[in-house]
Amino acid sequence: MYGDIIDLLEFIKKSPSPWHTASVASEQLLNAGFQELDWTEGWELQRYGRYFTKVYGSSIFAFTLGNGDLTAKNSLKLAAAHTDFPGFRIKPEAGVIKDGYGLLNTEGYGGAILYSWLDRPLSIAGKVVLAGKDAMNPVTELIDFARPLITIPSLAIHMNKKINEGVALNKQKDMLPLAAVFGKENGKDTAKAFLEDLLVSELAVSKEDILSYELNIYPYEAGCQLGVAGELVSSPRLDNITSVVACLKGITETLGAGLNIIALFDNEEIGSRTKQGAASANLMQLLERIYTCMGYSREQMWQGINGGFMLSVDVAHGLHPNYPDKTDPTNRPLLNEGFVIKQASSQSYACDAEAVAMVKGLCRQGNDIPCQHYVNRSDMPGGATLGSIASALVPVRTVDIGVPILAMHSARETMGAADQISLCRVIRELFRY
């Protein structure tokens, strides 16, 4: 069991930004014998083929084609997850000089728990776009400093006596990372370019070559196992790399008779309404291209889609030992008791009774894979996932599942090691069906 957790932690370490997540996923797919397709070019597909394609660098689709009829019911099977996570992005012209200190101007990305980011060693990763051969062909380079580089220091208790009673943090004022100390004499406007200087040094390019960037701040400390028997996992980005890894294992370790697809979208944490998010036309476009390439008509494609099934895979809330009253009275997922089926009458989690029954059937079929239920307290609505968004655009029966975790959206989250195993098993079972 713990070998799978080591693989998960290694994947998380290599994925400090959604662009890195897509890059690591691509590497794993290539190693598993998948052929890369260019999203902007024509495709030629074959039966028993294994393919993947990246969309705008941070989303990725992978699919396998068996020898079955792609119009048959349950021939189309999908698993979807997201590559992004809450945190902070560095703004353009980010250098800020205050009293000789060098700070970085940032903005929040998604619903991060702000105080969890304080007083931690942080690093920077993302993409830098350089001048290319002409204006319409710039060059994108991934970058990961992979070392403790910055921190966001909290205010001492002596200067805020009520800090342990709770304090509101202002993202623009209180959450600026400390990156350098220039001293009073050197703290001039020219020092504001210290981030660009850092990028120039790391990439070995000239400052004039750097045209733009998208850079994440991320917790430098790696994930680890803990608990008296190593049964727990503490790590950044469990939301939602746990699901990305489970989807990848499912698609690489099986080859069903029909069409199996994993869709790893970006931008779920900010609503999915982007060109690389679940609210884009990308999934529908992917399906149309596959069915067309395989010689099916549009009418036959809709037959396949309408008989399809999708797992929307994202983390769930586990029962918190210190706050049991925050959980529904009868649906109380515990860590290490199995992956979670998430339900909501509001459809913030995609589900219906038949879809839930199908997941439970897969669990029985897969030698009793353990699973649990999660429903929000009726007076405490939770978040939403990409499942309802994607299934509204591609109308397949869909259900939300994921591993239960504690401290969701913290800089560091906690999960049960056994739950990752059950999640991987049920996705493999879906694609094997």
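Note: hydrogens, waters and symmetry copies are ignored here, and every other heavy atom, side chains too, is used.
Contact record, A411 with P219: O-CG, 3.5 Å, taken as the closest heavy-atom pair. Here the closest non-hydrogen pair linking C371 and I341 is SG-CD1, 4.2 Å. In terms of heavy atoms, L178 sits closest to P153 at CB-CD, 4.2 Å. Nearest heavy-atom pair across I427 and C247 is CD1-N, 4.0 Å. The minimum heavy-atom distance between P324 and L319, with the atom names listed, is CA-CD1, 3.8 Å. Closest of all the heavy-atom pairs between I251 and I261 is CD1-N, 4.1 Å.
When the shell of 6.0 Å around CD of E354 is examined, it contains more than 12 heavy atoms from other residues, nucleotides or ligands. For E36, the CD atom sits in a packed shell: over 12 heavy atoms of surrounding residues, nucleotides or ligands are nearer than 6.0 Å. The number of heavy atoms from other shown groups lying within 6.0 Å of OH (Y296) is above 12. Summarising the local packing, OH of Y433 is surrounded by 12 or fewer heavy atoms from other residues, nucleotides or ligands at distances under 6.0 Å. Heavy atoms of other residues, nucleotides or ligands lying less than 6.0 angstrom from CZ of R364 number 12 at most. Surrounding CE of M159 are at most 12 heavy atoms belonging to other residues, nucleotides or ligands under 6.0 Å away.
A donor-acceptor pair under 3.5 Å is formed between the side chain of S59 and the backbone N or O of D266. Listed for the T242 side chain is a donor-acceptor partner under 3.5 Å among the backbone atoms of L238. With hydrogens and angles ignored, the 3.5 Å screen pairs a side-chain donor or acceptor of R50 with a backbone N or O of T252. When atom types are taken as modelled, the side chain of R273 and the backbone of N267 share no donor-acceptor pair closer than 3.5 angstrom. A donor-acceptor pair is defined here as one N or O able to donate and one able to accept, closer than 3.5 Å; no such pair exists between the side chain of T292 and the backbone of R289. With hydrogens and angles disregarded, a donor-acceptor distance shorter than 3.5 Å links the side chain of R425 to the backbone of G366. In this structure, the side chain of K342 engages the main chain of V315 through a donor-acceptor pair within 3.5 Å. Under the 3.5 Å distance criterion, the side-chain polar atoms of Q300 are left unmatched by any main-chain donor or acceptor of T71. Side-chain N or O atoms of N216 include none that pairs as donor or acceptor with a backbone N or O of R89 at under 3.5 Å. At distances below 3.5 Å, not a single donor-acceptor pair connects side-chain atoms of W19 with backbone N or O atoms of A125.
The aromatic ring centres of F63 and Y51 sit less than 6.0 Å apart.
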From CA spacing to verdict: salt bridge (Lys or Arg N to Asp or Glu O under 4.0 Å), R298, E288: CA-CA 8 Å; R298 188 172 179 83; E288 187 164 0; 2.8 Å; yes

Audit row: Q172, N105, side chain to side chain donor-acceptor pair (under 3.5 Å) steps and yes/no: CA-CA 8 Å; Q172 186 62 66; N105 191 12; 2.9 Å; yes

Derivation of the side-chain contact (heavy atoms from CB on, under 4.5 Å) call for K13 and L9: CA-CA 6 Å; K13 183 178 180 181; L9 293 176; over 6 Å; no

CA sep, side-chain torsions, deciding dist, call: V359, L311, side-chain contact (heavy atoms from CB on, under 4.5 Å): CA-CA 9 Å; V359 173; L311 293 176; 3.8 Å; yes

Residue pair R147, S123: steps toward the side chain to side chain donor-acceptor pair (under 3.5 Å) verdict: CA-CA 6 Å; R147 62 181 184 270; S123 193; over 6 Å; no

side-chain contact (heavy atoms from CB on, under 4.5 Å) assessment of M294 paired with L65: CA-CA 10 Å; M294 298 306 295; L65 287 160; 3.8 Å; yes

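Within the model, atoms CD of Q28 and CD1 of I60 stand 10.0 Å from one another, a figure rounded to the nearest 0.5 Å. Note that the OG1 atom of T21 and the CD1 atom of I12 stand 9.5 Å from one another [nearest 0.5 Å]. In this structure, L37 CG and L45 CG are separated by 6.5 Å, a value rounded to the nearest 0.5 Å. In this structure, CG on N260 lies 4.5 Å from NZ on K77, to the nearest 0.5 angstrom. Here the CZ-NZ distance, from R377 to K326, works out to 7.5 Å after rounding to the nearest 0.5 Å. Here the CG atom belonging to L393 is positioned 8.5 Å from the CG atom belonging to L283, to the nearest 0.5 angstrom.
Listed by first and then second residue, the ring-ring contact (aromatic ring centres under 6.0 Å, His included) pairs involving residues 330-371 amount to none (not counting sequence neighbours).
A cation-pi geometry, defined here as NZ or CZ lying under 6.0 Å from the six-membered ring centre and within 45° of its normal, holds between R237 and F85.
Judged by distance alone, the side chains of Y48 and N67 do bring a donor and an acceptor atom under 3.5 Å apart. D314 and H82 share a donor-acceptor pair across their side chains, judged by distance under 3.5 Å alone. A donor-acceptor contact closer than 3.5 angstrom links the side chains of Y109 and D84. Side chains of D328 and T330: a donor on one and an acceptor on the other come within 3.5 Å. Between the side chains of D352 and Q347, no donor N or O sits under 3.5 Å from an acceptor N or O. H20 and S23 are not linked by any side-chain donor-acceptor pair at a separation below 3.5 angstrom, with hydrogens and angles left out of the test. Looking only at atom types and distance, the side chain of N240 has a donor-acceptor partner in the side chain of S243 under 3.5 Å away.
For E253 and R428, the salt-bridge test passes: some basic side-chain N is under 4.0 Å from an acidic carboxylate O. Taking a cutoff of 4.0 Å between a charged side-chain nitrogen and a carboxylate oxygen, K91 and E107 do not qualify as a salt bridge. With respect to R120 and E221, a salt bridge is recorded, a charged nitrogen being found less than 4.0 Å from a carboxylate O. Taking a cutoff of 4.0 Å between a charged side-chain nitrogen and a carboxylate oxygen, R432 and E429 qualify as a salt bridge.
Residues V55 and K275 have side chains not in contact (no heavy-atom distance under 4.5 Å, counting atoms from C-beta outward). Taking the side chain as every heavy atom from C-beta outward, L149 and Y220 never approach each other to under 4.5 Å. The closest side-chain heavy-atom distance from L176 to I152 is not below 4.5 Å.
Ring geometry for Y374 versus H317: interplanar angle of 30 to 60°, hence tilted. Under the 30°/60° scheme for interplanar angles, the aromatic rings of F61 and W39 are found to be tilted.
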